[in-house]
Amino acid sequence: EGIYRFEPNNISNICFDGNKIFLEDRKTLNNIDDEWDLNEYYEKLHNAINCKTKYAVIMLSSGWDSSAILASLCEQMPKENIKGFTLQLNYGGDSPVNIFELKKAKLICEHHGIENIVIPSNFLGDLDDYMKGSSNKMLFSLTALNHQTLWEAIKAKGFKDTETTV
């Protein structure tokens with residue numbers, strides 16, 4: 001209960017005790033030193049994110065980084081000028097492989113009161129076209145393909161480079 005993801009590089013034991021199943025993590029957590037201050041971290045992050053254009057578009061994965069950037073942008077500019085773009089990863093199955101992230105991104109955008117635009121991807125079709133076009137750029141990664149797909153969607157929605165920070 002409560003486990004949504006289990007990373008392959010996470011070294012844990014699955015333990016059985018009567019009717020209970022639980023994880024025992026053999027890896028100790030990295031401690032943050034005593035002088036680390038969350039408010040100082042937030043202030044530095046907030047100051048680093050300084051949007052000077054009329055619009056801001058965030059490629060929202062629903063992870064910590066993009067969510068923190070979105071929160072900072074929402075404090076700096078009118079929310080109607082901020083849009084979240086989330087890629088729906090369709091690998092040919094019945095449902096997207098990132099259904100958890102899609103739900104989380106939707107909730108994050110609802111929390112901040114901004115629109116989340118979900119961009120469907122046709123992974124296998126996109127991959128063939130991407131590989132043909134990328135041979136000149138020497139970019140052969142899934143992350144690069146995802147960013148290119150989102151970037152093209154952002155441009156197709158009419159956001160201009162001169163007035164939009166991505």
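What's counted below: heavy atoms across the whole structure, side chains too, no hydrogens, waters or symmetry copies.
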message: For the OG1 atom of Thr86 and the CG atom of Asn146, what is their distance to the nearest 0.5 Å?
response: 11.5 Å
- request: Report yes or no: does Asn98 contribute a side-chain atom to a donor-acceptor pair with the main-chain N or O of Leu87 at less than 3.5 Å?
  value: yes
- request: Look at the side-chain heavy atoms of Ile, Leu, Val, Met, Phe, Trp and Tyr, link any pair under 4.5 Å apart, and say whether Leu107 and Leu70 land in one connected group.
  value: no
message: Under 4.0 Å between a side-chain nitrogen and a carboxylate oxygen: does that hold for Glu115 and Lys83?
response: yes
task: Determine whether more than 12 heavy atoms belonging to other residues, nucleotides or ligands lie under 6.0 Å from atom NZ of Lys106.
output: no
task: Please round to the nearest 0.5 Å and tell me the distance separating atom NZ of Lys79 and atom SG of Cys74.
output: 5.5 Å
task: Show your working on side-chain contact (heavy atoms from CB on, under 4.5 Å) between Ile82 and Tyr55 and close with a plain yes or no.
output: CA-CA 6 Å; Ile82 304 169; Tyr55 300 104; over 6 Å; no
Between CD1 on residue Ile114 and SG on residue Cys109, distance to nearest 0.5 Å: 4.0 Å
Residue that, paired with Pro96, satisfies side-chain contact (heavy atoms from CB on, under 4.5 Å) out of Val118, Leu102, Leu89: Leu102
field: Ser61 backbone acceptor or donor facing Ser66 side chain under 3.5 Å
entry: yes
- prompt: Taking all non-hydrogen atoms of both residues, which atom of Ser67 and which atom of Leu60 are closest, and how far apart?
  reply: N-CD1, 4.1 Å
- request: List the steps and the verdict of side-chain hydrogen bond (donor to acceptor under 3.5 Å, both in side chains) for Thr164 and Thr53.
  value: CA-CA 5 Å; Thr164 307; Thr53 56; 5.9 Å; no
Evaluation steps, side-chain contact (heavy atoms from CB on, under 4.5 Å), between Phe85 and Ile154: CA-CA 8 Å; Phe85 277 70; Ile154 291 165; 3.7 Å; yes
- line: The reported gap from CE in Met59 to CG in Leu150 (rounded to nearest 0.5 angstrom) is 5.0 Å
Expected output: side-chain Ser62 to main-chain Lys104 donor-acceptor under 3.5 Å: no
message: Checking side-chain polar atoms at under 3.5 Å, does Ser121 have a donor or acceptor matched by the opposite partner on Thr149?
response: no
- request: Say whether, by atom type as modelled, one donor and one acceptor occur between the side chain of Gln76 and the main chain of Ile49 under 3.5 angstrom.
  value: yes
- prompt: When you check the side-chain N and O atoms of Gln88 and Asn90, is any donor under 3.5 Å from an acceptor?
  reply: yes
